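Shown next, in structure tokens, is the structure this report addresses.
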Amino acid sequence: MESLDSPIRDYAWGSRTVLARLQGRAVPSAGPEAELWVGAHPGAPSTLDGEDGPVSLAEAIAAAPTGWLGSQTVARFGPRLPFLMKLLAAEAPLSLQAHPDLEHARERFAAGDPNYVDANHKPELLVAIEPFDALCGFRDPRRSADALEALGGPALDPVVAHLRRGEIADAVELLLTWPGKRADLVSLVTAGGPNAPADDLALVRRLAAHYPSDPGVLVALLLNPVSLEPGDAVWMPAGNLHSYLAGTGVEIMAASDNVLRGGLTPKRVDVGELLQVLRFDVLHDPVVKPVEVAPGVVTWPVPVDDFSLHRVIRPTELRLDGAVLALCTAGEVTIGDATGVVSLTPGRAAVGPAGAGPLMIAGAGAVYVGSLGH
């Protein structure tokens, strides 16, 4: 194992306290700190200590892919680390977004579509380490119809009619391409009414405080509101419309930057392409509970082989496939393999190559370990 120095992304929705406090730095930080990136993504790779200074993990892997990843990983995914870990600290809502499946990503990237910066899919798993609020997947359209009818009245009758018929795609398209004054529409809904559901009214007001003329505020009412407790997770496969609202969590994903946004953001929005990748099935229960695989070791099963994630809270030995990333979130732990042993404190990370034997983890703390899926 080798220690990593991992970059922090300063997106505007980030917290000024969470990551700084976790890493033992001065609080508040000078600016927003949204995501700590752990991995070899070329956009913001972690670095190793080299003889002549820091060495990008992406460059190190590119120079010796089989040594770092193992021959099977290179044959399956190419000469790159197929997953990326993040420590995410959201103080304000993130964009309303979804990610393409692998076939569509390859097709659109090859066609030169500017929405696609690589040819990979981007399934994601987020595990809360503090209470975390999110919107994830479409809920029963009848519930959404009831909420919009109570909040918007006759102005939203066409949307409500689509939802009563189960036509979620048509309802989403109509809202995101609303022909009238969007600020007036958002104002109408946030004004509430005598029969407005309290939870739904609170949600639209929360979002409208950041995006007062964005119809994504109304699309949020079509999604499942999720409040995660520490240890709970949400799984976001291709085509799942979602938005993170606030909280702190560890995220693992396929190493891609392909994001299709529909609103709640100042970034590029492409409603037409978003509608192409969305899946409009109802997601009845978006929460994934941890599964214990050994004393003090849990995982969250996901149906992809790009990655898996384990949390370890007591001394153990882990046998995993391929290269591994380790991120400490509490206490102090040591983690080692045949290449070496490192000590980690909160917000610090390490990497280990394939074929270095089992991971030996000790100490009193919590460490998340990312590896290949099965």
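All figures in this text were calculated on a predicted structure; none of them were measured in a lab. Side-chain atoms are counted along with the backbone in the values below, which use heavy atoms only and exclude waters and symmetry mates. Counting from 1, the numbers follow the sequence of the chain as shown.
Between the side chain of Asp232 and the main chain of Lys289, no donor-acceptor pair closer than 3.5 Å is present. Side-chain atoms of Arg142 never come within 3.5 Å of backbone atoms of Arg165 as a donor-acceptor pair (strictly under, hydrogens ignored). Under the 3.5 Å distance criterion, the side-chain polar atoms of Ser95 are left unmatched by any main-chain donor or acceptor of Gln97. Side chain of Arg261 to backbone of Asp270: no donor-acceptor contact under 3.5 angstrom is found.
Aromatic pair His99/His104: centroids not less than 6.0 angstrom apart.
Sparse packing is recorded around CZ of Arg106, with 12 or fewer heavy atoms of other residues, nucleotides or ligands lying under 6.0 Å away. Atom CZ of Arg205 has more than 12 neighbouring heavy atoms from other residues, nucleotides or ligands inside a 6.0 Å radius. With a 6.0 Å radius and a threshold of 12 heavy atoms from other residues, nucleotides or ligands, Asp49 has its CG atom at or below the threshold. The environment of CD in Glu292 is crowded: more than 12 heavy-atom neighbours from other residues, nucleotides or ligands sit within 6.0 Å. Crowding of Glu317 atom CD: a count of heavy atoms from other residues, nucleotides or ligands under 6.0 Å exceeding 12.
The hydrophobic clustering, which links ILVMFWY residues whose side-chain heavy atoms are closer than 4.5 Å, places Leu201 and Leu221 together. Hydrophobic clustering (side-chain heavy atoms under 4.5 Å, transitive across Ile, Leu, Val, Met, Phe, Trp, Tyr) groups Val293 together with Ile361. If you chain together hydrophobic residues whose side chains sit under 4.5 Å apart, Leu344 and Tyr368 never meet in one group.
Residues Ser71 and Thr66 have side chains that never bring a donor and an acceptor to within less than 3.5 angstrom of each other. A donor and an acceptor atom, one from each side chain of Asn115 and Asn258, are nowhere located under 3.5 Å apart. Inspection of the Ser343 and Glu332 side chains reveals an N or O donor paired with an N or O acceptor under 3.5 Å. Glu251 and Tyr244 are linked by a side-chain donor-acceptor pair at a separation below 3.5 angstrom, with hydrogens and angles left out of the test. Under the 3.5 Å distance criterion, with hydrogens and angles disregarded, no donor-acceptor pair is assigned to the side chains of Glu33 and Tyr11. No side-chain donor from either of His284 and Asn224 sits under 3.5 Å from a side-chain acceptor of the other.
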Let me see the working for Glu107 and Tyr116 under side-chain hydrogen bond (donor to acceptor under 3.5 Å, both in side chains), right down to the final yes or no. CA-CA 10 Å; Glu107 175 187 314; Tyr116 294 82; over 6 Å; no

So Phe132 and Leu88, side-chain contact (heavy atoms from CB on, under 4.5 Å) or not? Walk me through it. CA-CA 10 Å; Phe132 200 103; Leu88 183 146; 3.7 Å; yes

After noting the C-alpha distance and the side-chain angles of Ser6 and Ser46, does the key distance pass the side-chain hydrogen bond (donor to acceptor under 3.5 Å, both in side chains) rule? CA-CA 4 Å; Ser6 297; Ser46 300; 2.9 Å; yes

